[in-house]
Amino acid sequence: MRTPKLAALELRRFGRGRLPRAALAALLLLPLLYGALYLWSFWDPYGRLDRIPVALVNDDKGATAAHEKIVMGDEITEGLRRSETFEWHEVSAAEARRGVENGDYYLSLTMPSDFSRRVASSSGGSPETGALQVRTNDANNYIVGQISRTVFSEVRTAASTKASRSFLDRIFVSFSDIHGKTEKAAEGADSLKGGIGKAKKGSKDLADGLADAGAGSGRLSAGLKKLDTGAADLEDGSRQVSEGTQRLADKVDGVADEVGPFLKGNEKEIGDTARLVADSASAVRDNLDTLARTAPAAAEGARAASDTLNEVHKARCEDQDPPLPDAACPDLKKAKDAAADVAEVADDVSTLVAGRNGDLETLDRHLGTLEKQARALADRSPHLSEDLATAVSKIDELNKGAGKVAKGARTLHTGLGTAKKGATDLDSGIGRLGTGADDLEGGMYKLADGSVKLAGGLHDGAGRIPDYDKKDRDRRTGVMADPVRLASKDLHKAPNYGTGFAPYFIPLSLWVGSMVAYMLIPPLNRRALAAGAPAWRITLAGWLPVAALGVLQTVALMSVLHWAIGLEAVRAAGTVAFLFLVTACFAAIVQWLNARFGAAGRILVLAFLMLQLTSAGGTYPVQTSPGFFNAIHPFMPMSHVVDALRRLITGGGLGPVWQACAVLGAFAVGALALTAVSARRRQVWTLDRLHPELSL
């Protein structure tokens with residue numbers, strides 16, 4: 001009998017009654033129940049997280065930052081409710097703690113009372129970290145705790161980003177304020193530069209004026225010194241003359257009767273004295289004219305210098321905006337005060353001359369009379385003895401005039417002494433003022449250069465300080481608050497959790513289908529064994545029915561996964577064709593284990609399944625497993641099946657698919673060959689076959 005007929009006989013047995021037909025139907029649906037129900041149960045668990053009850057505790061009392069009230073707890077609560085990540089229950093802290101402990105809530109999220117204050121402290125002097133408190137209970141569910149760590153990490157990042165945006169926004173606003181203030185400072189520096197330029201010109205004019213005033217005061221001081229010297233001589237001479245005339249008058253008046261012989265004997269001496277008096281009176285009259293001419297001019301020059309300094313001080317230190325630097329105004333004030341003192345002294349001299357103008361005229365008149373009388377006496381001295389009476393009268397008049405001259409000379413010398421001292425002080429003060437003005441002028445040049453550099457530096461600084469408008473500030477704040485973004489790109493992304501795990505559970509269900517099939521169908525056809533058929537025919541006769549059932553199981557499973565659950569494979573036809581190869585390979589392996597080891601083979605089939613599941617890397621990467629599983633991973637057929645199905649369902653290169661086809665083909669051929677060897681051995685009866693040690 002041919003091999004296909006032998007295989008058909010095995011399947012025909014299931015149509016002889018209700019129970020066999022039910023067994024065949026169950027056999028066809030078993031992979032569907034195992035694979036489809038399993039995938040359906042957690043097809044998209046992350047899409048249903050909003051059904052997980054979670055306690056939310058908002059104890060945040062808010063805070064104030066930059067005169068603005070912030071309540072980060074309310075903002076986060078509103079954001080969580082909009083996100084619908086979990087089923088949020090806003091409760092008290094005690095209720096949340098009790099609910100997590102009892103299992104009413106899988107976990108809790110608490111925002112403490114000082115949460116906003118700590119977040120706002122980032123812009124203060126003592127920044128603190130705000131802490132979101134998460135309480136989990138792995139006794140309720142371990143996976144939920146793992147999910148929550150991911151979710152709350154995103155919540156923490158969002159809260160940190162928001163806090164950073166607020167803080168950075170204030171920084172950028174401060175930049176704009178600094179920019180504006182610096183621009184105003186630069187404008188002020190420009191004004192200062194202009195004012196200092198004017199002050200620099202004024203200081204030069206001041207220095208030039210003081211130089212002229214110094215020259216005039218020097219001439220005035222020198223002239224007054226000469227006048228003072230002449231006045232001293234005049235005072236001494238007039239005093240001597242007055243004393244001489246007084247003695248002469250006393251003698252003449254006392255011994256008028258006896259003076260004749262005296263006059264006759266002293267005519268020459270009297271003549272000389274009279275001429276001396278006449279010459280002295282003439283000299284005094286000349287000096288009086290010089291004093292009268294010089295004093296008003298000197299007073300006027302001193303007043304002009306004082307007025308100039310007053311105007312300069314007022315313009316540079318009182319009215320100018322901004323005023324001269326602090327170092328310049330005090331020196332200028334000293335110069336102004338000294339000039340005022342000099343002007344006052346000069347005015348005193350001028351007033352003395354002007355106030356004594358009548359006295360000076362009288363003195364000049366008396367001096368003229370004295371000079372005239374003295375010359376007349378000198379001319380008449382040879383004849384005094386002849387005209388005694390006349391001489392006595394003239395001597396008395398001469399004595400009176402000499403006394404008046406001596407008194408006037410004394411007054412003049414005293415006034416000129418005061419004027420000389422004032423002129424000396426004036427000359428010295430103007431000299432100091434000139435030195436100060438020169439220093440001021442030099443300082444003003446330096447100040448002008450410094451103001452130019454200051455204005456330039458402030459303008460340059462204002463240009464370097466950023467000035468952000470609201471749009472630019474928002475953009476920069478967003479970037480700095482979250483400077484590193486994860487620009488992820490999923491190549492061949494699985495749309496949901498179930499699709500990602502389908503490559504793992506589909507081969508698992510097909511293996512279970514083959515395992516159960518060989519519980520109902522013998523791995524080796526008994527009729528062929530009894531008839532002594534070739535071993536390869538016996539092998540194929542036992543393999544083909546299960547392989548055919550595997551094809552039907554695959555069609556049923558993939559149909560339900562696609563049309564009922566929603567599995568979308570990128571290469572649907574290739575996936576189904578590959579699964580036909582998978583079920584054929586699995587059937588060959590299970591057949592060999594059952595044919596070779598008999599009842600113990602069923603246990604080995606289950607054990608081999610466990611080895612494949614733990615080393616296939618269907619859930620976590622195999623690299624995360626212990627070394628044993630990494631060692632057997634390349635040699636397990638399901639490892640290659642999982643890798644190939646991932647490329648067929650979600651996309652990607654087909655290299656692993658072709659490699660898996662080669663591996664599955666080799667396993668299938670090798671398993672069939674080993675089954676043929678086992679079939680050949682089963683055709684020889686032994687005591688072990690007659691009395692097996694274990695039967696199931």
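- Heavy-atom minimum distance, Val57 versus Ala96: CG2-CB, 3.5 Å.
- The neighbour count for Glu101 CD, taken as heavy atoms of other residues, nucleotides or ligands under 6.0 Å away, does not exceed 12.
- The two atoms that bring Ile649 and Ala502 nearest to each other are CD1-CB, 4.3 Å, heavy atoms only.
- Between Pro53 and Asp104, the closest side-chain pair of non-hydrogen atoms is not below 4.5 Å.
- Side-chain contact between His640 and Val663 is present, with heavy atoms from C-beta onward closer than 4.5 Å.
- Between Phe86 and Tyr106, every side-chain heavy-atom pair lies at or beyond the 4.5 Å cut-off.
- Between Asn630 and Gln623, the closest heavy-atom pair is OD1-CA, 3.5 Å.
- Residue Pro507 comes nearest to Leu645 through the heavy atom pair CD-CD1, 3.7 Å, listed as atom of the first residue, atom of the second, then distance.
- For Thr650 (side chain) and Arg647 (main-chain N/O), no donor-acceptor pair under 3.5 Å exists by modelled atom type.
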| task | Any chance you could lay out the side-chain contact (heavy atoms from CB on, under 4.5 Å) test for Lys61 and Asp114, step after step, and finish with the verdict? | result | CA-CA 7 Å; Lys61 295 180 179 179; Asp114 60 348; over 6 Å; no

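- The backbone N or O of Pro495 lies less than 3.5 Å from no partner atom in the side chain of Thr499, so there is not a single donor-acceptor pair.
- Contact between Val512 and Leu609 at its shortest, heavy atoms only, is CG2-CD2, 4.3 Å.
- Residue Thr77 holds its OG1 atom at 8.5 Å from CG of Asp60, rounded to the nearest 0.5 Å.
- Judged by distance alone, the side chains of Ser615 and His633 never bring a donor and an acceptor atom under 3.5 Å apart.
- Using the six-membered ring where Trp is involved, Tyr105 and His89 have ring planes that are tilted, between 30° and 60° apart.
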| said: Quick one, Cys661 with Leu581, criterion side-chain contact (heavy atoms from CB on, under 4.5 Å). Give me CA distance, side-chain angles, the key distance, then yes/no. | reply: CA-CA 8 Å; Cys661 289; Leu581 176 60; 3.9 Å; yes

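- Looking at Met636 and Phe608, their side chains come closer than 4.5 Å, going by heavy atoms from C-beta outward.
- Here the side chains of Val582 and Thr554 are not in contact, with every heavy-atom distance at 4.5 Å or above.
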| request: Determine, stepwise, if the pair Val54 / Ile52 fulfils side-chain contact (heavy atoms from CB on, under 4.5 Å). | output: CA-CA 6 Å; Val54 174; Ile52 298 177; 4.2 Å; yes

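- Proximity of Met558 to Leu579: side-chain heavy atoms (C-beta onward) are separated by under 4.5 Å at one or more points.
- A distance of 12.0 Å separates CG in Leu510 from CE in Met515, rounded to the nearest 0.5 Å.
- When Tyr504, Phe586, Tyr518, Phe505 are each tested for a ring pair (Phe, Tyr, Trp, His ring centres under 6.0 Å) with Trp511, only one passes: Phe586.
- Here Ile589 contributes atom CD1 and Met638 contributes atom CE; the two are 9.0 Å apart, rounded to the nearest 0.5 Å.
- Considering CG of Leu557 and NE2 of His562, their distance stands at 13.0 Å, rounded to 0.5 Å.
- Remark: side-chain polar atoms of Asn594 are not paired, donor with acceptor, to backbone N or O of Pro523 under 3.5 angstrom.
- In terms of modelled atom types and a separation under 3.5 Å, the side chain of Thr583 and the main chain of Phe580 share no donor-acceptor contact.
- No side-chain heavy atom of Leu107 sits less than 4.5 Å from a side-chain heavy atom of Leu109.
- Inter-residue side-chain proximity for Phe578 and Val641 is flagged as met; some heavy-atom pair is nearer than 4.5 Å.
- Interatomic distance, Glu90 CD to Leu56 CG, rounded to the nearest 0.5 Å: 5.0 Å.
- Between Gly542 and Gln591, the shortest heavy-atom distance links the atoms C-NE2, 3.4 Å.
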| request: Would you check, one step at a time, whether the test side-chain contact (heavy atoms from CB on, under 4.5 Å) holds for Arg571 with Leu654? | output: CA-CA 11 Å; Arg571 301 181 177 94; Leu654 294 177; 3.5 Å; yes

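- For the atom pair CZ of Arg680 and OG1 of Thr539, the computed distance is 12.0 Å after rounding to the nearest 0.5 Å.
- For the pair Trp543 (side chain) and Ala584 (backbone), a donor-acceptor distance under 3.5 Å is present.
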